[in-house]
Amino acid sequence: MSDLSHPIFARLYPRLDAGCARAGGDAHRAELLAGASGRVLEVGAGYGANFPHYPPEVTEVVALEPEPRLRAKADHAAGRAPVPVTVRPGVAEDLDVDDASFDVAVASLVLCSVRDPIRALAELRRVLRPGGELRYYEHIRGDEPGKARFQRYADVVWPFLAAGCHVSRPTPDWIAGSGFTVRAERRFDFPAGRGNPASPHVLGVAVRD
């Protein structure tokens, strides 16, 4: 299945994300992509918020987005990107691209919402060349026991409100156990606040073994 329709979320998300961008999200996206080069696969590209941050060393971006309304916005954003970007339908768990055909894979606020994150990581590893980079910026389970417990309770309803997003996934552990070597990783709360179950984030780079 290459299309996953979430019409209400698709209308609201670009507006909500614009507020996050002004609060520091744009800086996180720039940090995520700094130093990337060569051919890039981005999964769950959304409305194309990462596109302005790709450095000139990137020769091509293939951006996959299963939600049709967000994909249309991403296609429009691709025309303004500083590097060549092609937007296609597609889901992270079943990538219709060749083995070892990309230098970099980008997962940005998407592993929290895919239906099978372990399979998605296996697919991302498959399409990366040996030594290729996985760059990730994700919602994750918090380190504090109280926060993690709050997130587990929130995940009873949160996915229904946020197009399948789960806030309590141990994504860094899954990345480290999926044939990647973590080269750099930073964990932080954004935006900070006890009442926000989606505040724990990770930003990192892992290399395909």
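If you take CG on L124 and OG on S178, they are separated by 9.5 Å, rounding to the nearest 0.5 Å. Residue R149 holds its CZ atom at 11.0 Å from CD of E144, rounded to the nearest 0.5 Å. Interatomic distance, L121 CG to L111 CG, rounded to the nearest 0.5 Å: 5.5 Å. Distance check: R119 CZ to L95 CG gives 9.5 Å after rounding to the nearest 0.5 Å. A distance of 7.0 Å separates CH2 of W158 from SG of C165, quoted to the nearest 0.5 Å. Here the straight-line distance linking atom CG of N196 with atom CZ of F150 works out to 7.5 Å at 0.5 Å rounding.
Residues R80 and P52 have side chains not in contact (no heavy-atom distance under 4.5 Å, counting atoms from C-beta outward). Looking at I118 and D116, their side chains come closer than 4.5 Å, going by heavy atoms from C-beta outward. In this structure the side chain of L134 reaches within 4.5 angstrom of the side chain of I175, judged on heavy atoms. In this structure the side chain of R115 never reaches within 4.5 angstrom of the side chain of V91, judged on heavy atoms. Inter-residue side-chain proximity for P200 and Q151 is flagged as met; some heavy-atom pair is nearer than 4.5 Å. The closest side-chain heavy-atom distance from V114 to E93 is below 4.5 Å.
Nearest heavy-atom pair across A74 and G46 is CB-O, 3.3 Å. Residue S168 comes nearest to R141 through the heavy atom pair O-CB, 3.4 Å, listed as atom of the first residue, atom of the second, then distance. The two residues V58 and A36 have their closest heavy-atom pair at CG2-O, 3.6 Å. Between G90 and P66, the closest heavy-atom pair is O-CD, 3.4 Å. Between S113 and A163, the shortest heavy-atom distance links the atoms CB-O, 3.9 Å. Taking each heavy atom of V83 and P56 in turn, the nearest pair found is CG1-CA, 4.3 Å.
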Mind running side chain to side chain contact (heavy atoms under 4.5 Å, CB included) on R183 and E133 for me, showing each step along the way? CA-CA 9 Å; R183 192 172 69 192; E133 294 180 339; 2.5 Å; yes

Trace of the side chain to side chain contact (heavy atoms under 4.5 Å, CB included) decision for Y136 with T171: CA-CA 10 Å; Y136 52 99; T171 301; 5.7 Å; no

Kindly indicate, with the supporting measurements, whether the criterion side chain to side chain contact (heavy atoms under 4.5 Å, CB included) is fulfilled by L32 and S108. CA-CA 9 Å; L32 171 72; S108 176; 4.1 Å; yes

Take Y137 and V106 through the side chain to side chain contact (heavy atoms under 4.5 Å, CB included) test and state the conclusion after the steps. CA-CA 8 Å; Y137 170 39; V106 174; over 6 Å; no

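A donor-acceptor pair under 3.5 Å is absent between the side-chain atoms of R88 and the main chain of L64, judged by distance alone. The closest donor-acceptor contact from the side chain of T59 to the backbone of G38 lies under 3.5 Å. A donor-acceptor pair under 3.5 Å is absent between the side-chain atoms of H139 and the main chain of H201, judged by distance alone.
In the hydrophobic clustering of this structure, V202 does not group with L109; members are Ile, Leu, Val, Met, Phe, Trp, Tyr whose side-chain heavy atoms approach within less than 4.5 Å, directly or through other members. Hydrophobic clustering of Ile, Leu, Val, Met, Phe, Trp and Tyr side chains at less than 4.5 Å, counting indirect connections, keeps V127 apart from V40. Following chains of ILVMFWY side-chain contacts shorter than 4.5 Å, one can reach V104 starting from F51, so the two form part of one hydrophobic cluster. Under a hydrophobic clustering in which Ile, Leu, Val, Met, Phe, Trp and Tyr are joined whenever their side-chain heavy atoms come within less than 4.5 Å, directly or via other members, V110 and L128 fall into the same cluster. Side-chain heavy atoms closer than 4.5 Å link hydrophobic residues (I, L, V, M, F, W, Y) into clusters, and following such links, even through other members, never connects V182 to V205.
Take E185 and apply the salt bridge (Lys or Arg N to Asp or Glu O under 4.0 Å) test, not counting sequence neighbours, and it matches R187. For D75, the side-chain contact (heavy atoms from CB on, under 4.5 Å) partners are V87, not counting sequence neighbours. Looking at residues two or more places apart in sequence or on another chain, you find a salt bridge (Lys or Arg N to Asp or Glu O under 4.0 Å) between R126 and D99, E123. Partners of R125 according to the side-chain contact (heavy atoms from CB on, under 4.5 Å) rule, which considers only residues two or more places apart in sequence or in another chain, are F180, R208, D209. With sequence neighbours left out, the salt bridge (Lys or Arg N to Asp or Glu O under 4.0 Å) criterion links R152 to no other residue. Listed by chain and residue number, nothing satisfies the salt bridge (Lys or Arg N to Asp or Glu O under 4.0 Å) test with D155 (two or more places apart in sequence, or in another chain).
Taking the charged nitrogens against the carboxylate oxygens, E138 and R169 have no contact shorter than 4.0 Å, which rules out a salt bridge.
The one candidate from R39, R129, R135 that meets the salt bridge (charged side-chain N to carboxylate O under 4.0 Å, His left out) condition with D103 is R129.
Using modelled atom types, one finds a donor on one side chain and an acceptor on the other under 3.5 Å when comparing Y54 with E42.
In this structure, H28 has its ring center closer than 6.0 angstrom to the ring center of F188.
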